[in-house]
Amino acid sequence: MSSVIRLRQSNAFDLPKLQGIEDVRSSDKLIEMFIERFTQKGDNIFDPFLGYGTTAIVSERMERSGYGIEFEMDIVKFVHTMLKEKQHVVCGNSFYLETYSGFPQMDFSISSPPYMIQGVDSSYPFYSSPIDNYYDDYLEKVGLVYRNLKRILKPNSYIIVEACNVIYGESFKTLAWDIAKTISKDYSFQKEYIIEWIGKYRNFKLGLNHSYCFLFQNKVI
């Protein structure tokens with residue numbers, strides 16, 4: 001697989017009108033490409049930041065079992081309408097993954113964490129009381145989710161994390177690289193894929209038309 005990949009942002013299904021919730025879905029084609037590369041039929045695939053369910057929906061379509069956690073109940077209800085195995089998707093918080101007993105061991109994970117712009121506290125995506133440094137707390141919480149994921153991830157299996165850097169005003173923010181550095185504390189970094197997006201891209205408003213997919217392995221020492 002080339003380390004630079006050109007894709008078009010596209011999805012096979014429309015979303016309901018959910019007031020106040022933005023469509024920031026991953027592309028079906030992106031999920032399909034990595035599922036095809038790193039999994040086999042029958043494998044279990046997990047998305048800790050499930051959102052509108054693209055990972056779970058595409059997994060089922062490709063004869064895998066898709067699982068995930070999403071915080072917003074209205075979104076979970078929508079995802080359930082798109083799945084045969086509705087019980088595989090739960091409403092909750094991946095910060096507390098250890099409290100969910102119904103998940104099997106996973107063969108693969110692919111996800112895109114919600115983004116935050118460094119220095120812009122109002123972009124903090126998680127629910128929290130006021131804190132001293134929102135960006136540091138954001139990275140700590142993303143790291144916590146992936147540490148928790150190790151509890152249900154098979155040894156030596158792979159995860160893909162998609163993220164992009166951000167141009168905010170005249171400043172360049174290294175969001176993707178900061179996320180990769182955080183997750184590298186618990187996983188073995190293997191490779192980066194640069195995704196060049198053709199046409200409309202969901203994060204184009206952040207100033208860039210490409211994102212990164214970081215490949216990590218859950219190595220057992």
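Given the structure is predicted, the values throughout are model-derived calculations rather than measurements. FYI, side chains are in, hydrogens and waters are out, and symmetry mates aren't considered; it's all heavy atoms of this structure.
The minimum heavy-atom distance linking D28 with T54 is given by the pair OD1-CG2, 3.4 Å. Taking every heavy atom of both residues into account, T55 and S59 meet most closely at O-OG, 2.6 Å. Minimum heavy-atom separation, C213 to L30: SG-CD1, 3.8 Å. Smallest separation of non-hydrogen atoms from S94 and P48: OG-O, 2.7 Å. The shortest non-hydrogen separation linking A56 to V89 is CB-CG2, 4.1 Å. Taking every heavy atom of both residues into account, H88 and G66 meet most closely at CB-O, 3.1 Å.
No donor-acceptor distance shorter than 3.5 angstrom exists from the side chain of D178 to the backbone of N165, with no hydrogens or angles considered. Between the side chain of Y158 and the main chain of L215, no donor-acceptor pair closer than 3.5 Å is present. Judged by distance alone, with hydrogens and angles left aside, the side-chain atoms of K185 form no donor-acceptor pair with the main-chain N or O of T182 at under 3.5 Å. Not a single donor-acceptor pair under 3.5 Å links the side chain of E85 to the backbone N or O of S65. For the pair K150 (side chain) and D186 (backbone), a donor-acceptor distance under 3.5 Å is present. Not one N or O on the side chain of S188 forms a donor-acceptor pair closer than 3.5 Å with the backbone of K219.
Between E98 and R147 there is no salt bridge, since no side-chain N of the basic residue sits under 4.0 Å from a carboxylate O of the acidic one. The pair R64-D43 does not count as a salt bridge, with every side-chain nitrogen at least 4.0 angstrom from each carboxylate oxygen.
Here F49 contributes atom CZ and E70 contributes atom CD; the two are 10.5 Å apart, rounded to the nearest 0.5 Å. Taken from CG in N156 to CG in N218, the straight-line distance is 7.0 Å, to the nearest 0.5 Å. Atom CD of E63 is separated from atom CZ of R61 by 12.0 Å, given to the nearest 0.5 angstrom. Between the CD atom in E36 and the NZ atom in K41 there is a gap of 8.5 Å [rounded to 0.5 Å]. Taking CD1 of I159 as the reference point, atom CG of L149 lies at 6.0 Å (rounded to 0.5 Å). One finds the OH atom of Y135 at 4.5 Å from the CG atom of L175 (value rounded to the nearest 0.5 Å).
Criterion: ILVMFWY side-chain heavy atoms under 4.5 Å apart, direct or through other members. Under it, M106 and V90 are part of a common hydrophobic cluster. With hydrophobic clusters built from ILVMFWY side chains whose heavy atoms lie under 4.5 angstrom apart, F71 does not share a cluster with Y134.
F108 and F38 have parallel rings, their planes meeting at less than 30° on a 0 to 90° scale where 60° marks the start of perpendicular. A parallel orientation is assigned to the rings of Y138 and F126, their planes being inclined by less than 30° (bins at 30° and 60°).
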Applying side chain to side chain contact (heavy atoms under 4.5 Å, CB included) to L7 and I195, what does each step give before you reach the verdict? CA-CA 7 Å; L7 285 177; I195 312 298; 4.0 Å; yes
Start with the C-alpha distance between F46 and I69, add both sets of side-chain angles, then the distance that settles side chain to side chain contact (heavy atoms under 4.5 Å, CB included), and finish with yes or no. CA-CA 9 Å; F46 188 78; I69 297 177; 4.0 Å; yes
CA sep, side-chain torsions, deciding dist, call: D137, K141, side chain to side chain contact (heavy atoms under 4.5 Å, CB included): CA-CA 6 Å; D137 187 74; K141 282 186 166 58; 2.8 Å; yes
Do I131 and Y124 pass the side chain to side chain contact (heavy atoms under 4.5 Å, CB included) test, and can you show the C-alpha distance, the side-chain angles, and the key distance before you say yes or no? CA-CA 11 Å; I131 48 184; Y124 181 82; 4.2 Å; yes
Run the numbers on Y127 and N93 for side chain to side chain donor-acceptor pair (under 3.5 Å), then give the verdict. CA-CA 11 Å; Y127 295 90; N93 192 325; over 6 Å; no
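Stacking of K181 on the aromatic ring of F214 is not recorded, the 6.0 Å distance cut-off and the 45° axial limit not both being met.
Ring pair F216/Y146: centre-to-centre distance not below 6.0 Å.
By the 4.5 Å heavy-atom criterion applied to side chains, F103 and R151 are not counted as neighbours. Contact annotation: the side chain of Y168 never approaches that of S123 to less than 4.5 Å [non-hydrogen atoms, C-beta and beyond]. Put simply, the side chain of T81 does not reach to within 4.5 Å of the side chain of F13, judged on heavy atoms. Within the 4.5 Å cutoff, no side-chain heavy atoms of Y67 are placed close to those of I152.
When each of H210, M33, E196 is tested with I5 by the rule side-chain contact (heavy atoms from CB on, under 4.5 Å), just one qualifies, namely M33.
Y96 OH: 12 or fewer foreign heavy atoms inside a 6.0 Å radius.
The closest side-chain donor-acceptor pair between D47 and S111 falls under 3.5 angstrom.
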